[in-house]
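Numbering of ligands and ligand atoms starts at 1, following listing order. Below, all heavy atoms of this structure are taken into account, side chains as well, without hydrogens, waters or symmetry copies.
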Amino acid sequence: MYHDYHLHPLAYAGLVTGLDLMDAADLGEVMARVSGHAEKVDGAIIGQRLDDEGVSERRLPDRSEIDDVVSDRPVLLYRHCGHIAVANSLALSLAGVDTDPDQPVGGSFDTDTKGRATGVLRETAIAVVSSALAPQVIGPTDTSILRALGSVRGMGLRSMTGIVSVGEPIWCGVPDELEVLCRLAPELPLDIDVLVIAPNPAELADAAEKIRHTQGRVTFFGWKDFADGSFGGHTAALHEPYADNPDTTGTDRLDPEHFKTMARASMMLGGSVAVHAIGDRANDRVLDVYEELIGMGADPSRLRVEHASLLTDPAIERMASLGVTASVQPSFLASEAEWLGKRLGEERMSRVYPFRSLLEAGVPMVGGSDAPVESPDPDIGMNAAVERPGFNPSESLSEDQAIALFTPPR
Ligand SMILES: [Zn+2]
């Protein structure tokens, strides 16, 4: 029986019950699914797993292409990774975004040659739009959420570290995730250690308090933050530019002072700290902050790096000597094999997802799916950790090592 160390339970339920754009052949099919979904549900339309690498056009749509199928209701379509989204014109106008938009810290609105927002939202720009349309989002019913979570039991999962957000609404169409999770806690089909995405210490403390006073299968586990974005969206923060986009090295989302304040707040509440870091630059920056926190007395076993995808050799050594945990998602390999080489180039491809190097260096490791980004089925992750299709085979794990990644903490 397995534990998934990184799963977004309500976003997953939202995906199962909502609009899934995965495996659409082209943008025409994407738009047909959007308009078909609009006929079935009320309120704002939230879609997931838009895949610009999978459609024949090999690009994201823009606002006008969505407007052509739905213009009278706000539409927000999330890219596969969740770090990029595309909005229609109504959604943009609800958020007050049009020509020469104010660019948020840690994110951006794409604009055309006239300075008008194209509808493509990167990183923190997504929350600007999603929070504006959150009141119009009608989430899935309690029954369908419980059914979706019950389905992961059938895959062998009995518990998870579940990531839920407060204050940063909707990813897969479930507004107020913590509220919903606590309401359903007594009926949950599995135990959930809850990592909370919260914007400030007060909201984190409220969330911890709320979880502690909830009867049922939820436990407060700590705070989750982001240091960068994704390879797919060219927003993972790299030391050197992207091989297929020399103009960018990705997006830094880490504010070290805010991070330290939040990390200390989480540990004071008895919680852990988990930070998303994919690119080698993001990982180095996170380790700088972790080193400082450990120097001030933080317990390294409570500090996790989520994904830890691209690491330099010194970063692996540093993780080992600090005793910081790498929380890895081997199923990413299976879905990124076709295009990741374009982004990273040969040298970086040889050292991405260095599972064996991490283990051999002595870095504590746990495994997860990041569902709904990937399937929550742990077999897919364990197989990918062993087989590494399309990736450096010398970083393969043995079957036992792969199983150990998904072994419950208790
Ligand atoms: Zn995640």
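Note on Glu306: not counted as a metal contact of the Zn ion (ligand 1), no N/O/S atom lying under 2.8 Å. With a cut-off of 2.8 Å, the Zn ion (ligand 1) has no N, O or S atom of His307 in range. With 2.8 Å as the limit, His6 counts as an N, O or S neighbour of the Zn ion (ligand 1).
Under the 3.5 Å distance criterion, with hydrogens and angles disregarded, a donor-acceptor pair is assigned to the side chains of Arg281 and Thr249.
His83 and His276 have tilted rings, their planes meeting at an angle from 30° to 60° on a 0 to 90° scale. Ring orientation note: the planes of Phe259 and Trp223 are tilted relative to one another, at an angle of 30° to 60°.
The Zn ion (ligand 1) lies closest to atom NE2 when only the N/O/S atoms of His8 are considered. Summary: OD1 is the N/O/S atom of Asp370 found nearest to the Zn ion (ligand 1).
Between Glu179 and Lys210 there is a salt bridge, since a side-chain N of the basic residue sits under 4.0 Å from a carboxylate O of the acidic one.
In this structure, Asn283 and Ala308 approach most closely via the heavy-atom pair OD1-CA, 3.5 Å.
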